[in-house]
Amino acid sequence: MEIKITLTDSPRQKPADQSKLGFGNYYTDHMFLMNYDEGQGWHDARIVPYGPISLDPAAMCLHYGQEVFEGLKAYRCADGKIQLFRPDKNMARLNVSNERLCIPQIDEAFAVEAVKTLVNVDKEWIPTEEGTSLYIRPFIFAVDPHVGVHPAHHLIFCIILSPVGAYYPEGLAPVKIYVEQNYVRAVKGGMGFTKTAGNYAASLKAQDEADKLGYTQVLWLDGVERKYIEEVGTMNVFFAFENEIVTPALQGSILSGITRMSSIEMLRDMGYTVNERRLSIDEVYEAYNNGTLKEVFGTGTAAVISPVGQLKWGDNIMTINNGEIGEISQKLYDNLTGIQWGKIEDKFGWTVEVK
Ligand SMILES: *Cc1c(COP(=O)(O)O)cnc(C)c1O
């Protein structure tokens, strides 16, 4: 399918101070759109000036949340080259989400092409300062003007771009995490393994309460026993014990993060033993008391690697690695971002150049 490009005739001012980008505050000059209509399939792939989308007030996404999304980044290397990190994995996961939410499958290779074409059109928006990148948000939503519950027959696939700095104001500094005991995010059989708006809607209340107590994110426990560790807000989570690094196994209620899968591979390559298994909060607390819990860190595209300096579980406060960045988190961060920004050789073949 051809992508029709209509360039804006009024380009906007780019953010002047790259050290103050924050996350999700600015959008570029263009966006990608494509429509799905039953009988016709996906059609009319186009890049147009960034701007509001007009929707019927009865559009189904507004009522029943039939929406899926992805998140990846474009990185500007020192030599000017532009790279994506494993974009094929994002589009494969988008189709996993689509399947669960009764959204028609997309052509994954074409969706990667769409990302590349859009990034290329707005490449001047990719920030250049250390640690900055262009966040890419593909998303699909149902637009049938119908207040009745059924899978949509009409949808829009959109991609927008946002120049970003660090996700957390803390940067690579350790964050404080609140172990959530009251609310749950997802259960097996639900939508926890998909990237969909509803999972986030379900998480806002807990996030807000944790925020008011001075915590950056919540750590979710499983929705049935409230015992096994799941993930952290927008990140998967890893626990480094004396003899193994553990991350919760994918069992349907947590997201299969691309940073997670890359970290597992990279840590193993660095010589660590990494196990994907069930891990209870009691086991973590016991290891903490025995002095065998060395490091905790989150992984995700937005935050990359985020060391955890403190975990609050009920009345128990666990201060991890003296609240400092640990050796494993630091090495993983350096190696992963080294590949993403083209500073070290990509021996895994994870990066894709945008030209
Ligand atoms: C996106 C996301 C992650 C991280 O996935 P990456 O592919 O590494 O960016 C983790 N958990 C949730 C709930 C997410 O939405």
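In listed order, ligands and their atoms are each counted from 1. Heavy atoms only: backbone and side chains are in, while hydrogens, waters and symmetry mates are out.
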Side-chain heavy atoms of R277 within contact of V246, under 4.5 Å:
yes
Minimum side-chain heavy-atom gap T299-F238 below 4.5 Å
yes
Which of parallel (below 30°), tilted (30 to 60°) and perpendicular (above 60°) describes Y50 and Y27?
parallel
What class does the angle between the rings of W350 and F348 fall in, given that below 30° is parallel, 30 to 60° is tilted and above 60° is perpendicular?
parallel
Could an N or O of ligand 1 be found under 3.5 Å from any N or O of I258, whether backbone or side chain?
yes
R93, any N or O under 3.5 Å of ligand 1 N or O
yes
Protein contact to atom 9 (O) of ligand 1 [nearest heavy atom, distance to 0.1 Å]:
T301 OG1, 2.6 Å
In the protein, what heavy atom is nearest to atom 15 (O) of ligand 1, and what distance, to one decimal place, separates them?
Y200 OH, 2.5 Å
When you look for heavy atoms under 4.0 Å from ligand 1, do you find them on the side chain of [X], its backbone, both, or neither?
{"X": "T234", "answer": "backbone"}
{"X": "M261", "answer": "neither"}
{"X": "E231", "answer": "side chain"}
{"X": "L255", "answer": "side chain"}

Tell me whether ligand 1 is touched by E70 - counting only heavy atoms on the residue side and a distance under 4.0 Å.
no
Of all the heavy atoms in G233, does at least one lie under 4.0 Å from an atom in ligand 1?
yes
Validate the cation-pi geometry between K73 and Y135: distance from NZ or CZ to the six-membered ring centre under 6.0 Å, angle to the ring axis within 45°.
no
Would you mind finding which of K195, R185, R86, R260 brings a heavy atom closest to atom 2 (C) of ligand 1?
K195
Would you please test D29 and W125 for side-chain hydrogen bond (donor to acceptor under 3.5 Å, both in side chains) and show each step?
CA-CA 9 Å; D29 280 329; W125 283 84; 3.3 Å; yes
Could you tell me whether a side-chain N or O of D79 sits under 3.5 Å from a main-chain N or O of K81, the two making a donor and an acceptor?
yes
